[in-house]
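Comments concern the structure below.
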Number of protein chains: 2
Amino acid sequence: MHHAKIDPMPVAKQLALTEEQVLLIGKALADPRRYEILKRLSDHERGMECSSVRDCFDISPATLSHHMKELEVAGLVQSVRKGKFVSYLVRREMLDAYLRRLQADLG
Amino acid sequence: MHHAKIDPMPVAKQLALTEEQVLLIGKALADPRRYEILKRLSDHERGMECSSVRDCFDISPATLSHHMKELEVAGLVQSVRKGKFVSYLVRREMLDAYLRRLQADLG
DNA sequence: TCATCAATTCGATAGTTATCGAAATGTCGA
DNA sequence: TCGACATTTCGATAACTATCGAATTGATGA
């Protein structure tokens, strides 16, 4: 039997994290600078330029780059290059997955 | 105007965490051993003896003691001494407070 | 009191990480 | 192509932490 295809309702996908990801996210959240950066980033739905982040935090380019990489490896942010510039976006679905996971494992 | 006092419904108190506590909890959760210990502990509503935890994890007494202290400093567990023995309990309300806080700060 | 046992603290070591200056990479506009 | 600029990578250092054996503390029972 056939059904006509219909546009599916957009479904928020429920990521499942590996054990390793859970630990990487924990680590990412455990550093004060990264936590602050992430908090700031989460206020900017459309993303934030690298240089804007730098302006907020009195931090060297090298150190910022290091922290952004940690956040990216953990999956909590995504970076987008536009020419010379890089913008960072929070990946909310990863945070959600982390919260669900903590609740499931420990709650 | 007066009302007769009635037994209050037990209210789960909503802890508010300091910035420092948030980071300590993150750190506590970022170590694989501590995460496993906490997971195991959360399966035992009534608490778990130190020696039982040791049996689960092939870990030296010194190292276990170190990790339990980290978890306690973070506020995630509570230790109760009964004579020679120590039992550990998960403080669920701290975990809840942590989850709420992440949601509020980053969600 | 004393020997014993559970747990913690001490001391040392190996591995990790935050930090930043300097060098490198990559992109844009002239 | 070239110079300027944004970001990353490299290299080095200081601080932190996980680990464990040894020494210590504290409590029990004999």
Side-chain angles (χ1 to χ4, degrees), chain A residues 19-41 44 46-91, chain B residues 19-41 44 46-91:
Chain A
E19 197 70 36
E20 194 190 12
Q21 280 177 304
V22 172
L23 296 173
L24 283 173
I25 292 175
K27 187 157 66 91
L29 296 176
D31 179 87
R33 281 208 142 136
R34 284 195 291 265
Y35 194 87
E36 289 306 315
I37 291 169
L38 202 58
K39 202 196 285 194
R40 191 66 63 108
L41 231 55
H44 295 71
R46 302 231 153 260
M48 226 178 146
E49 278 188 13
C50 180
S51 61
S52 304
V53 180
R54 271 199 71 188
D55 291 343
C56 291
F57 290 109
D58 180 38
I59 193 177
S60 79
T63 301
L64 177 58
S65 194
H66 163 68
H67 284 312
M68 295 318 293
K69 187 178 209 169
E70 292 287 306
L71 288 169
E72 215 171 343
V73 166
L76 287 171
V77 315
Q78 186 181 359
S79 71
V80 179
R81 181 143 222 141
K82 286 206 176 135
K84 271 201 296 189
F85 304 95
V86 173
S87 280
Y88 298 105
L89 287 161
V90 173
R91 294 186 57 196
Chain B
E19 196 71 33
E20 193 191 12
Q21 280 177 304
V22 172
L23 296 172
L24 283 173
I25 293 174
K27 187 157 67 88
L29 296 176
D31 179 87
R33 278 201 142 144
R34 283 195 292 266
Y35 194 88
E36 288 306 314
I37 290 169
L38 203 58
K39 202 196 287 193
R40 190 66 64 109
L41 231 54
H44 294 71
R46 303 232 152 260
M48 229 178 142
E49 278 189 13
C50 181
S51 62
S52 304
V53 180
R54 272 199 70 189
D55 291 343
C56 291
F57 291 107
D58 180 39
I59 193 177
S60 80
T63 301
L64 177 58
S65 196
H66 164 68
H67 285 312
M68 295 319 293
K69 187 179 209 169
E70 292 287 305
L71 287 170
E72 215 171 344
V73 166
L76 287 172
V77 315
Q78 187 183 357
S79 70
V80 179
R81 179 142 224 140
K82 287 209 175 131
K84 269 201 296 191
F85 304 93
V86 173
S87 280
Y88 299 105
L89 287 161
V90 173
R91 294 186 58 198

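This one's a predicted model, so the numbers in the text were calculated from it and none came from an experiment. Letters go in sequence order (proteins before strands), and every chain restarts at 1.
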Heteroatom pairs (N/O) under 3.5 angstrom, protein to nucleotides 6-15 of chain D:
residue, atom, partner, partner atom, Å
dT7(D), OP1, Val86(A), N, 3.4
dT8(D), OP1, Tyr88(A), OH, 3.3
dT8(D), OP2, Ser65(A), OG, 2.9
dT8(D), OP2, Tyr88(A), OH, 3.3
dT8(D), O5', Ser65(A), OG, 3.3
dT9(D), OP2, Lys69(A), NZ, 3.4

Tell me the interatomic distance from Asp58(B), atom CG, to dA18(D), atom P, rounded to whole angstroms. 18 Å
Answer yes or no: are there more than 12 heavy-atom neighbours, outside Lys69(B) itself, under 6.0 Å from its atom NZ? no
Checking Arg91(A) now: which residues fulfil salt bridge (Lys or Arg N to Asp or Glu O under 4.0 Å) with it, not counting sequence neighbours? Glu93(A)
Rounded to the nearest Å, what distance is computed from the CG atom of residue Leu23(A) to the C1' atom of nucleotide dT16(C)? 15 Å
What distance separates Glu70(B) CD from Arg34(B) CZ, expressed to the nearest 0.5 Å? 5.0 Å
Protein-nucleotide distance (Ile59(A), atom CD1; dG21(C), atom P), rounded to Å: 12 Å
Looking at every non-hydrogen atom in both residues, tell me the closest pair between Asp58(A) and Arg33(A) and how far apart they are. O-NH2, 3.0 Å
Give Lys27(A) one of three labels, base, sugar-phosphate or nothing, depending on what nucleic acid heavy atoms sit under 4.0 Å from its own. sugar-phosphate
Which pair of heavy atoms, one from Leu76(A) and one from Ala28(A), lies closest together, and at what distance? CD1-CB, 4.0 Å
Which whole-number value in Å describes the distance from Ile37(B) CD1 to dA7(C) P? 13 Å
Whole-Å distance, Glu70(B) CD to dT9(C) P, equals 12 Å
Scan Leu41(B), Leu89(B), Val77(B), Val86(B) and name whichever one has a side chain to side chain contact (heavy atoms under 4.5 Å, CB included) with Met48(B). Leu41(B)
Distance in angstrom units between Asp31(B) CG and dA18(D) P, rounded: 5 Å
